[in-house]
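In this text, all values refer to a predicted model and were calculated from it rather than measured experimentally. Values below: every heavy atom of this structure, side chains too, minus hydrogens, waters and symmetry copies. Residue indices begin at 1 and follow the sequence shown.
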Amino acid sequence: MEVQSQGEVGAMLVKVKRVVGWALFFYGILYAMQVLFNRLYADAFSPQHVYDVMNYCTAVGIAISIAVVSAHKRRVGSSDDSPAGRFLAAQAGFYMTMALALLYFPLWFSLLFGDTVTDVQNVGWILVSAINPLVLGTTGSFLWKSVRGQ
């Protein structure tokens, strides 16, 4: 077996970051379109079936976002020379992602275990519908842009 050089591994990492960044950004847009336009096909097909599939993709997207924003927050927070704007953006991204995770996963697990959805949970799903495209879209955009200089 041939050992890969550090340059080859770096090039592969750049490609993975681009693909994951593009996928998160595209999925954020797709999720927003589902939220906005599900009424157009509600008579022909149940939007809940689409959400049942999308919930798994959303969980993976949130997990990836947590890993990305946590690493970015540590990296920006550890350097004393980072501008205040980058520091604040890293903080906002981290806390919005964590808020989304804390909101999303209990709601989703409740659905998986067959609990009935209450009015309070409906409000939670509305908040998830608003925050999720923003978090996944900005995380995807950040990943895509982070490999531009490499």
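Between Phe142 and Leu24 the shortest side-chain heavy-atom distance does not fall below 4.5 Å. The shortest side-chain heavy-atom distance between Ile64 and Val60 falls under the 4.5 Å cut-off. Tyr27 has its side chain within reach of Met54: a pair of non-hydrogen atoms, C-beta onward, lies under 4.5 Å apart.
Between Phe45 and His49, the two ring planes are tilted [angle within 30° to 60°].
Using a 4.5 Å cut-off between side-chain heavy atoms of Ile, Leu, Val, Met, Phe, Trp and Tyr, with links allowed through other members, Val53 and Trp125 fall into different hydrophobic clusters. Hydrophobic clustering, with ILVMFWY side chains joined whenever heavy atoms are under 4.5 angstrom apart, keeps Tyr95 apart from Leu134.
Rounding to the nearest 0.5 angstrom, the gap separating the CD1 atom in Ile126 from the CD1 atom in Ile131 is 12.0 Å. The CD atom of Gln91 lies 14.0 Å from the CE atom of Met96; values are rounded to the nearest 0.5 Å. Considering CD of Gln34 and OH of Tyr41, their distance stands at 3.0 Å, rounded to 0.5 Å.
Residue Leu40 is found in a hydrophobic cluster whose other members, listed by chain and number, are Phe25, Ile29, Met33, Leu36, Phe37; membership requires side-chain heavy atoms under 4.5 Å apart, directly or through intermediates.
Side chain of Ser141 to main chain of Thr138: no donor-acceptor pair is present (N/O by atom type, distance under 3.5 Å, no hydrogens or angles). Formation of a donor-acceptor pair under 3.5 Å by the Ser65 side chain with backbone atoms of Gly61 is found in this model.
Annotation for Ile62 and Leu136: closest pair N-CD2, 4.0 Å, computed over non-hydrogen atoms.
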side-chain contact (heavy atoms from CB on, under 4.5 Å) assessment of Leu143 paired with Val68:
CA-CA 8 Å; Leu143 274 176; Val68 169; 4.0 Å; yes

Side chain to side chain donor-acceptor pair (under 3.5 Å) assessment of Tyr51 paired with Thr58
CA-CA 10 Å; Tyr51 280 116; Thr58 300; over 6 Å; no

Anything under 3.5 Å between a donor and an acceptor, one on a side chain of residues 98-113, the other on a protein residue two or more places apart or in another chain? List them.
from: Tyr104; atom 1: OH; to: Asn55; atom 2: O; distance (Å): 2.5
from: Ser110; atom 1: OG; to: Asp115; atom 2: OD2; distance (Å): 3.4
from: Ser110; atom 1: OG; to: Gln121; atom 2: NE2; distance (Å): 3.2

